[in-house]
Engineer: 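Below: one structure in structure tokens.
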Amino acid sequence: HESVTRLASAPDGTQVAVKIYSRDHLTTSLRHFELQQRLKHSYILETKQVIEGPRAILVIQELPHQELFDFIVAHERIELEAGKNMFLQLAEAVQYLHEV
């Protein structure tokens, strides 16, 4: 199970999300979170810190301005140029992940 809390008190002033994963229900390894921390790409949310506790793992990530799904729902239709731009950003992020 995962719980998300929003914070605005990151040292650099950016907004971050703190995701709390219960160790009892964790389906991934700690290595997964450590690998996330190494990813540095402008189209991938940055994992700033991973804190391992006895009952939970806290993952502090950059907070997105808006989730892609929420953007699409809010706009119902996306202009062709905007759609092309989003697709290119997704493709660049996926290419980066395959190269890492």
Side-chain angles (χ1 to χ4, degrees):
H1 289 57
E2 169 191 338
S3 169
V4 178
T5 304
R6 295 173 186 235
L7 297 176
S9 59
D12 62 1
T14 61
Q15 293 215 351
V16 295
V18 178
K19 295 182 178 182
I20 304 167
Y21 296 89
S22 168
R23 282 191 176 276
D24 295 338
H25 301 8
L26 195 62
T27 58
T28 188
S29 70
L30 186 58
R31 180 161 166 68
H32 169 83
F33 299 115
E34 291 167 350
L35 291 172
Q36 274 185 327
Q37 239 180 322
R38 288 195 234 153
L39 299 176
K40 304 292 180 206
H41 190 275
S42 58
Y43 300 136
I44 297 175
L45 292 177
E46 181 182 353
T47 298
K48 295 184 174 284
Q49 189 174 5
V50 177
I51 302 169
E52 187 177 356
R55 295 188 331 196
I57 295 174
L58 289 87
V59 179
I60 301 170
Q61 288 184 318
E62 174 183 12
L63 189 65
H65 299 290
Q66 185 176 26
E67 295 285 341
L68 178 59
F69 178 78
D70 294 338
F71 178 85
I72 292 169
V73 169
H75 290 84
E76 292 182 15
R77 294 176 188 244
I78 299 173
E79 296 293 323
L80 182 61
E81 286 303 312
K84 283 182 189 178
N85 189 36
M86 284 183 209
F87 181 80
L88 286 172
Q89 289 176 0
L90 284 168
E92 284 181 35
V94 169
Q95 180 180 6
Y96 169 78
L97 291 172
H98 282 278
E99 292 172 353
V100 173

Engineer: Between Y96 and R38, which heavy-atom pair has the shortest distance, and what is it?
Structural biologist: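 Shortest heavy-atom contact: OH-O, 4.1 Å.
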Engineer: To the nearest 0.5 Å, tell me how far Q95 CD sits from H98 NE2.
Structural biologist: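 Atom-to-atom, Q95:CD and H98:NE2 are 9.5 Å apart.
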Engineer: Can you tell me how far apart NZ (K84) and CD1 (I78) are? Round to the nearest 0.5 Å.
Structural biologist: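 These two atoms lie 14.0 Å from each other.
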Engineer: Output the distance between atom CD (Q49) and atom CD1 (I60), rounded to the nearest 0.5 Å.
Structural biologist: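 One gets 4.5 Å once the value is rounded to the nearest 0.5 Å.
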Engineer: If I compare all heavy atoms of Q36 with all of Q61, which pair ends up nearest, and what's the gap?
Structural biologist: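 Heavy-atom minimum between the residues: NE2-NE2, 4.0 Å.
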Engineer: Are V16 and L58 co-members of a hydrophobic cluster defined by side-chain heavy atoms under 4.5 Å apart?
Structural biologist: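 Yes, one cluster joins them.
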Engineer: So, do Y21 and F33 have ring centers that fall under 6.0 Å from each other?
Structural biologist: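 Yes - the distance between ring centres of Y21 and F33 falls below the 6.0 Å cut-off.
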Engineer: As an exercise, state the distance from CG of L90 to CG of N85, rounded to the nearest 0.5 Å.
Structural biologist: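 If I round to the nearest 0.5 Å, the distance is 10.0 Å.
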Engineer: May I ask whether Y43 and L39 are part of the same hydrophobic cluster, defined by side-chain heavy atoms of I, L, V, M, F, W, Y residues being less than 4.5 angstrom apart, directly or through others?
Structural biologist: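 Y43 and L39: separate clusters.
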Engineer: For R31 and E34, what are the C-alpha separation, side-chain angles and deciding distance, and is it a salt bridge (charged side-chain N to carboxylate O under 4.0 Å, His left out)?
Structural biologist: CA-CA 5 Å; R31 180 161 166 68; E34 291 167 350; 5.2 Å; no
Engineer: Measuring from atom CZ of R23 to atom CD of E52, what distance do you get when rounded to the nearest 0.5 angstrom?
Structural biologist: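 One gets 4.0 Å once the value is rounded to the nearest 0.5 Å.
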Engineer: At their closest point, which heavy atom of V50 faces which heavy atom of Q37, and how far apart are they?
Structural biologist: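 Smallest interatomic distance, heavy atoms only, reads CG2-OE1, 3.6 Å.
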Engineer: Measuring from I44:CD1 to E62:CD, what's the distance to the nearest 0.5 Å?
Structural biologist: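 The CD atom of E62 is 11.0 Å from CD1 of I44, to the nearest 0.5 Å.
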Engineer: Are any of the side-chain nitrogens in K40 or E46 under 4.0 Å away from the carboxylate oxygens of its partner?
Structural biologist: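 A salt bridge links K40 with E46.
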